[in-house]
Asks: 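Dropping the structure in here first, questions after.
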Amino acid sequence: MQLYGTDIASRLMLGTAQYPSPSVLAEAFRRSGAGIATVSVRREAGGERAGAAFWDLVGDLGVALLPNTAGCHSAREAVTTAHMARELFDTPWIKLEVIGHADTLQPDPFALLEAARILCDDGFKVFPYTTEDLVLADRLLNAGCEVLMPWGAPIGSGLGLTNIYGLRCLRAQFPDVPMVVDAGLGLPSQAAMAMEMGFDAVLLNTAVARAGDPAGMADAFARAVQAGRLAHEADPMEPRDMAAPSTPLIGKAFLS
């Protein structure tokens with residue numbers, strides 16, 4: 001998989017929040033084989049470098065880092081946070097989140113597009129957290145985004161793919177655009193379904209971090225993503241309305 005010209009070995013991407021301990025986080029990443037870790041940017045105390053231990057930890061994971069603008073509710077706030085992230089992590093990559101609804105954490109499409117245009121013009125490689133809306137997707141691509149990250153369901157809900165029709169339409173409308181299903185996945189089977197539909201990768205956090213055994217769940221998601229991708233590449237059969245016998249009738253012996 002290539003994202004902005006960079007080869008990524010794994011189609012599973014993991015967040016770094018909510019884990020019970022640093023050692024559990026590190027083991028989950030090891031078991032998952034994830035190719036990208038997302039990290040949220042928080043303002044540090046300049047003199048004390050509060051949070052430095054965490055940055056050292058994620059730096060030791062040995063994967064590509066994708067800073068995000070989690071918690072931002074305006075284009076201006078997201079753009080400012082993105083600039084902080086570029087300076088802190090020395091990368092032009094940014095997962096762009098601009099939240100518009102407090103309960104569902106649905107992206108604000110207007111502020112998202114505004115921030116995407118500003119950041120793309122400023123040389124950022126933007127990974128926009130968006131909905132499955134076709135018009136918004138087209139606008140984000142025209143703004144300079146080369147990757148789309150449509151949600152499966154509200155962040156942290158574990159509901160899976162709540163609008164399969166919309167996601168299928170999005171995938172079919174932009175077949176050559178790398179797409180990552182981001183947010184709402186709760187089970188490995190849901191990740192496999194996304195991959196079977198032709199999405200390029202999945203990104204999740206809560207389903208692994210809040211599991212009883214985060215490392216074990218990370219392993220399960222890794223296997224599901226691989227299975228789903230293999231199934232997609234194998235060109236699965238289309239569903240049918242009626243039964244079709246797997247054993248042919250021709251040549252069957254009949255009793256007289």
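The first residue in the sequence is number 1, and the count goes up from there. Keep in mind that what you see is a predicted model, and the values were worked out from it rather than measured.
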Asks: Does any N or O in the side chain of Asp138 come within less than 3.5 Å of the main-chain N or O of Leu134, such that one atom is a donor and the other an acceptor?
Replies: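 No; judged by distance alone, with no hydrogens or angles, the pair does not exist.
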Asks: Looking only at heavy atoms, what is the nearest atom pair of Gly35 and Ile8, with distance?
Replies: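 Nearest pair, atom of Gly35 first, then Ile8: CA-CG2, 4.1 Å.
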Asks: Which side chain to side chain donor-acceptor pair (under 3.5 Å) pairs, counting each pair once, include a residue from residues 214-223, with sequence neighbours left out?
Replies: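 Every pair satisfying side chain to side chain donor-acceptor pair (under 3.5 Å) with a residue in residues 214-223: Arg31-Asp219, Asp219-Arg223.
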Asks: Heavy-atom distance under 4.5 Å between the side chains of Thr130 and Pro109, does that happen here?
Replies: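 When only atoms from C-beta onward are counted, Pro109 and Thr130 do not touch, as no gap falls below 4.5 Å.
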Asks: Do side-chain atoms of Ser32 reach the backbone of Ala222 as a donor and acceptor pair under 3.5 angstrom?
Replies: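 No, the answer is negative, given that no donor and acceptor are paired below the 3.5 Å cut-off.
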Asks: Out of curiosity, Leu112 CG to Cys72 SG, how far, rounded to the nearest 0.5 Å?
Replies: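 These two atoms lie 11.5 Å from each other.
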Asks: Hey, does Pro107 have a side-chain heavy atom less than 4.5 Å from the side chain of Val98?
Replies: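 No, side chains not in contact.
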Asks: Test of understanding: with side-chain hydrogen bond (donor to acceptor under 3.5 Å, both in side chains), list the residues that count as partners of Glu233, not counting sequence neighbours.
Replies: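 Glu233: side-chain hydrogen bond (donor to acceptor under 3.5 Å, both in side chains) contacts with Arg229.
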Asks: Carefully, step by step, assess Leu65 and Thr91 under the rule side chain to side chain contact (heavy atoms under 4.5 Å, CB included).
Replies: CA-CA 8 Å; Leu65 297 183; Thr91 177; 5.7 Å; no
Asks: Using a 4.5 Å cut-off on heavy atoms from C-beta on, say whether the side chain of Leu204 contacts that of Phe221.
Replies: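 Answer yes - side chains close enough.
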Asks: Could you go step by step and tell me if Tyr19 and Val208 meet the side chain to side chain contact (heavy atoms under 4.5 Å, CB included) rule?
Replies: CA-CA 8 Å; Tyr19 290 85; Val208 168; 3.7 Å; yes
Asks: What are the two closest heavy atoms between Trp151 and Thr104, and how far apart are they?
Replies: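 Scanning both residues, the minimum pair turns out to be CZ3-O, 3.9 Å.
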Asks: Can you list every side chain to side chain donor-acceptor pair (under 3.5 Å) pair that touches residues 112-128, not counting sequence neighbours?
Replies: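 Sorted pair list: His83-Asp122, Arg86-Asp122.
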Asks: So, Thr131 versus Gln106: side-chain donor-acceptor pair below 3.5 Å or not?
Replies: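 Not at all, the side chains of Thr131 and Gln106 share no donor-acceptor pair under 3.5 Å.
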Asks: For a quick test of reading the model, state the closest non-hydrogen atom pair linking Ala85 to Ile94 and the distance between them.
Replies: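 Heavy-atom minimum between the residues: CB-CD1, 3.9 Å.
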Asks: Do Leu185 and Leu187 sit in one hydrophobic cluster, given that two such residues count as connected whenever their side-chain heavy atoms are within less than 4.5 Å of each other, even indirectly?
Replies: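 Each belongs to a different hydrophobic cluster.
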Asks: OG1/Thr81 to CD/Glu97 distance, rounded to the nearest 0.5 angstrom?
Replies: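 If we round to the nearest 0.5 Å, Thr81:OG1 and Glu97:CD are 10.5 Å apart.
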Asks: Taking atom OH as the centre, does Tyr4 end up with more than 12 heavy-atom neighbours from other residues, nucleotides or ligands that are less than 6.0 angstrom away?
Replies: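 Result for OH/Tyr4: enclosed.
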Asks: Which atoms form the tightest heavy-atom contact between Pro20 and Pro214, and what is the distance?
Replies: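 It is CD-CG, 4.4 Å.
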Asks: Looking only at atom types and distance, does a side-chain atom of Thr16 sit under 3.5 Å from a main-chain N or O of Thr38, one as donor and one as acceptor?
Replies: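 Indeed, once roles are kept as given, a pair shorter than 3.5 Å links the two residues.
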Asks: Looking at Ala17 and Ala209, what are the two nearest heavy atoms and their distance?
Replies: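 For Ala17 and Ala209, the tightest heavy-atom pair comes out as O-CB, 3.3 Å.
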Asks: From Phe89 CZ over to Leu66 CG, what is the distance, rounded to the nearest 0.5 angstrom?
Replies: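 Here the interatomic distance stands at 10.0 Å.
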Asks: Donor-acceptor pair, Glu77 side chain versus His73 backbone, under 3.5 Å?
Replies: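 Side chain of Glu77 to backbone of His73, a donor-acceptor pair under 3.5 Å: yes, one is there.
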Asks: Taking Ser10 for its side chain and Gly33 for its backbone only, find out whether a donor-acceptor pair lies under 3.5 Å.
Replies: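 Side chain of Ser10 to backbone of Gly33, a donor-acceptor pair under 3.5 Å: yes, one is there.
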Asks: Once rounded to the nearest 0.5 Å, what's the spacing between atom CG of Leu105 and atom CD1 of Ile155?
Replies: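 Here the interatomic distance stands at 5.0 Å.
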Asks: To the nearest 0.5 Å, tell me how far Glu132 CD sits from Met179 CE.
Replies: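 Between atom CD of Glu132 and atom CE of Met179 there are 11.5 Å.
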Asks: Just to verify, what does Trp93 make a side-chain hydrogen bond (donor to acceptor under 3.5 Å, both in side chains) with, not counting sequence neighbours?
Replies: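 Counting only residues at least two positions away or on another chain, Trp93 forms no side-chain hydrogen bond (donor to acceptor under 3.5 Å, both in side chains).
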Asks: Between Leu96 and Thr69, does a side chain to side chain contact (heavy atoms under 4.5 Å, CB included) hold up when you go through it step by step?
Replies: CA-CA 6 Å; Leu96 180 60; Thr69 62; 3.9 Å; yes
Asks: Look up atom CG in Leu203 and atom CG in Leu12, then write down how far apart they are to the nearest 0.5 Å.
Replies: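 So the CG of Leu203 and the CG of Leu12 are separated by 8.0 Å.
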Asks: Can you list the steps and then say if Tyr129 with Ile99 is a side chain to side chain contact (heavy atoms under 4.5 Å, CB included)?
Replies: CA-CA 9 Å; Tyr129 164 61; Ile99 301 302; 4.2 Å; yes
Asks: Taking only residues two or more places apart in sequence or in another chain, which ones pass side chain to side chain contact (heavy atoms under 4.5 Å, CB included) with Met197?
Replies: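 For Met197, the residues satisfying side chain to side chain contact (heavy atoms under 4.5 Å, CB included) (neighbours in sequence not counted) are Leu161, Ile164, Leu167, Arg168, Met193, Phe199.
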Asks: So which heavy atom on Thr162 is nearest to which on Ala153, and how close?
Replies: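 Where Thr162 meets Ala153 most closely, the heavy atoms are CG2-CB, 3.7 Å.
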Asks: Can you pull out every side chain to side chain donor-acceptor pair (under 3.5 Å) where at least one residue sits in residues 189-203? Sequence neighbours excluded, please.
Replies: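 Those involving residues 189-203 are Arg171-Asp200.
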